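Working notes, structure below.
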Amino acid sequence: MSTFGLVWANLFRHRARTLLALFSIIAAFLLFGLLRAVAVAFDGGAAVAGVDRLIVSPKFSIIDGLPVSHQAQIESVPGVAAATHATWFGGTYQTPANFFVKYPVAPREFFDLHDEYIIDPAQLETFERIRTAAVAPEELAAEYGWQIGDRIPIEGDIWLRKDGSRLWEFELVGTYRVRDDENAFAAFLFHYDYFDEARIAQTEGIVSNFVVRVADPERAAEVSAQIDARFENSTNPTRTATEDEASRQFAAQIGDIGLIMNSILSAVFFTILLLTANTMAQALRERIPELAVLKTLGFSDHRVAALVLFESTLLCVLGGVIGIALAWLALGAIGPSLQALLGRIELTAATMLGALGIAVLLGIVVGLGPALSARRLQVVEALRR
Amino acid sequence: MAIVELKQVSRHFSKGRQTVEVLDGIDLTIAEGDFLALMGPSGSGKTTLLNLIGGLDQPSSGSVEVAGQQLVGLSSRKLAQWRSRNIGFIFQFYNLLPILSARRNVELPLLLTRLKRKQRRRNAEVALTIVGLADRAGHKPGELSGGQQQRVAIARAIVADPRILVCDEPTGDLDRDTADEILDLLELLNREHGKTIIMVTHDPKAASHAQRTLHLDKGSLVGETA
Ligand SMILES: Nc1ncnc2c1ncn2[C@@H]1O[C@H](COP(=O)(O)OP(=O)(O)OP(=O)(O)O)[C@@H](O)[C@H]1O
Ligand SMILES: [Mg+2]
């Protein structure tokens, strides 16, 4: 037997009680792993952004959209090197579960502006030439088994067609990948011109936002202010931000993800703290005579305290490791289907280390009280009971 | 040679303004290799005296020298270390850890030594063999009779090879025959293994196994029978 064996045996003396505490800790860390992975994915979208790019969005609501005619005025703002637009399309491919982002774009402009998107020049040329053409990120094409030349039907929801049909059909003419960044946000892209002509007249010429490249990243703030100033008094005022800020604003409109997650996690860990603390306190109370015996045998006050602390930490770390392992398995299973929405969802090293840190901290906080009582325990007193 | 030397040892407990004199000016010398019985009415201070000799408690005044070490004034950490090397404790209610098998209970004191895991296990098995319980090494205390549990406790007390065994009513919870077996075992440890034994008992028959019997009454030693 080792000291570890002693602690382990003590931990599982009341199997049901320990397992109950363990399961709650596992559940908490599973939740922690999942929520952190999602939160990181949200941040990850923002991290792609270079500071040389700005996003011009409607000032008040992402629903409004902006007239495509803004683009020429944006391009005329000093310090703007290039601009293009993108439009939130919505739409369903086969079933709603097949979620990925779809943008009608101006092909050449769009790829020029996003130089991290890498496409074969011949394919880009074809994309430009054929009005019903589309290109997809490589992983997306692989996921659905699309081949070049395939016809891809998308059922529209936001945008209706003049002909009354909801069916948009595109021909896949190429694929692209995102340089260096596996977490990058990537969309299914097709021709804006084709889209604009086909949609019903009232909505013609509306895009969701503009992407702007500034000539000098140092002056991004100034350029951003000038763009917004230009549209200040128009019927479509704008808000210009870095891609970081823009995606955070987007997330903020969905709900304050970070705040919600942190609130949930705080509540969960607080509950776990109380529950585990209670388990440990109970375990200590019934073990007082035994701890006294250990002291009689020559275990020092500190050593006995360390045993108690080790036990609570072991419980929490065990729960943490299992919980994170389960989160990892769960993300492996559900991650791919969320990838289109949030980018690659996975447990980062930081999340795992964070979980370990929290587990150790939890173990110490929970075990500190009992450990101190164990240390103070007077052998003679305890043996008299 | 004296292995225990108590000089003018007093121990009182204060509860609020009240002070209870439990031991009062005890002088006691025990030679190495002795088997000493300590008798006296309930509340006379036997356990208190034993705790002082075993380094579990400190006197209010006086000097306690055991196994060549002055215990008065030692820090709690030093005392713990000293106990682990010099004293084996045997209690009336065995005080085994219920979650551990007999062997692991016996192995406990060895966790404080530098012995390797294998050696610890082997020593524990030897100790269990000495008390005649080698075949029960894997049993938990709950699966053993009172007498067997006390044997495990004795094995635990001797496994680190201390010079002194301190026993507080070791047969108080056992029937006559089992008690005799335990007392025979203690005698064997005294005779064959040279352990100095100090045993508190209420039972004159148990005391008859010892070489000396001291009588304690109201905190003072009142006489000795040999
Ligand atoms: N920690 C303490 N605080 C207060 N009083 C104590 C304490 N320890 C012992 N006493 C008192 O000291 C007296 C002697 O106690 P002790 O346990 O030494 O007696 P004993 O001779 O072992 O008795 P018994 O045969 O019943 O075990 C008792 O009156 C007891 O109440
Ligand atoms: Mg007593």
Side-chain angles (χ1 to χ4, degrees), chain A residues 1-19 279-280 282-312 314-315 370-385, chain B residues 11 13 22 47-48 50-52 54-58 75-113 115-118 120-121 124 137 140-141 153 156-157 159-160 162 166 168:
Chain A
M1 184 181 59
S2 57
T3 300
F4 181 82
L6 173 62
V7 171
W8 186 263
N10 267 321
L11 187 55
F12 285 99
R13 71 166 42 204
H14 284 290
R15 189 158 298 164
R17 190 174 66 196
T18 302
L19 286 181
T279 303
M280 285 309 297
Q282 223 175 322
L284 179 89
R285 236 173 286 130
E286 51 186 47
R287 219 183 297 156
I288 283 176
E290 291 174 33
L291 295 176
V293 168
L294 288 180
K295 288 195 177 182
T296 338
L297 297 180
F299 284 65
S300 67
D301 296 343
H302 281 101
R303 201 176 182 103
V304 171
L307 284 178
V308 172
L309 207 56
F310 185 16
E311 186 176 326
S312 66
L314 181 64
L315 175 68
L372 289 177
S373 320
R375 195 177 67 135
R376 275 197 303 269
L377 186 70
Q378 293 293 324
V379 185
V380 175
E381 295 282 331
L383 288 179
R384 276 167 59 83
R385 283 181 222 170
Chain B
R11 179 70 170 112
F13 295 98
V22 177
T47 297
T48 305
L50 216 52
N51 287 342
L52 290 174
L56 290 175
D57 195 12
Q58 292 277 4
S75 70
S76 134
R77 195 174 62 83
K78 280 260 156 52
L79 264 181
Q81 192 181 48
W82 176 85
R83 282 197 302 273
S84 73
R85 293 178 184 162
N86 295 285
I87 305 282
F89 288 92
I90 297 161
F91 304 94
Q92 179 176 4
F93 297 108
Y94 331 124
N95 281 347
L96 300 172
L97 267 55
I99 36 151
L100 300 181
S101 67
R103 192 201 317 106
R104 291 173 135 211
N105 261 291
V106 174
E107 216 183 306
L108 271 180
L110 300 181
L111 289 181
L112 301 171
T113 66
L115 293 181
K116 293 255 154 46
R117 178 193 286 254
K118 261 199 185 139
R120 291 199 300 258
R121 192 187 157 114
K140 293 202 173 149
R156 182 180 66 186
V159 74
V166 159
D168 199 348

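Just so it is clear: chains get the letters A, B, ... in the order the sequence lines come, proteins before strands, and each one is counted from 1. Since we're looking at a predicted model, the values are computed, not measured.
Heavy-atom contacts from other residues, nucleotides or ligands closer than 6.0 Å to CZ of B:Arg103 number more than 12.
The parts of B:Asn95 that come within reach of chain A are both its backbone and its side chain, each placing non-hydrogen atoms under 4.5 angstrom from that chain. At a 4.5 Å heavy-atom cutoff, A:Phe12 makes no contact with chain B through either its backbone or its side chain. For B:Leu100, the part sitting under 4.5 Å from any heavy atom of chain A is the side chain, from C-beta outward, and nothing else. Interface remark: B:Phe93 contributes no atoms to any contact with chain A (heavy atom separation under 4.5 Å). In this structure, the portion of B:Arg117 lying under 4.5 Å from any heavy atom of chain A is its side chain and not its backbone. Using a 4.5 Å cut-off between heavy atoms, B:Arg156 touches chain A through its side chain atoms alone.
Rounded to the nearest 0.5 Å, atoms OG (B:Ser76) and CD (A:Gln378) are 8.0 Å apart. The CD atom of A:Glu290 lies 6.0 Å from the CD1 atom of B:Ile99; values are rounded to the nearest 0.5 Å. Interatomic distance, B:Thr47 OG1 to A:Leu383 CG, rounded to the nearest 0.5 Å: 9.5 Å. In this structure, CG in B:Leu111 is found 10.0 Å from CG in A:Leu297, a value given to the nearest 0.5 Å. Atom-to-atom distance recorded for B:Leu97:CG and A:Arg287:CZ is 8.5 Å, nearest 0.5 angstrom. Note that OG of A:Ser2 and NZ of B:Lys116 are 14.5 Å apart. Values are rounded to the nearest 0.5 Å.
No other option in A:Thr296, A:Thr3, A:Leu6 has as many heavy-atom pairs under 4.5 Å with chain B as A:Thr296. Interface summary for chain A: among B:Leu79, B:Asn51, B:Asp57, B:Leu108, the most heavy-atom pairs under 4.5 angstrom belong to B:Leu108.
Under the 3.5 Å distance criterion, the side-chain polar atoms of B:Arg85 are left unmatched by any main-chain donor or acceptor of A:Gly298.
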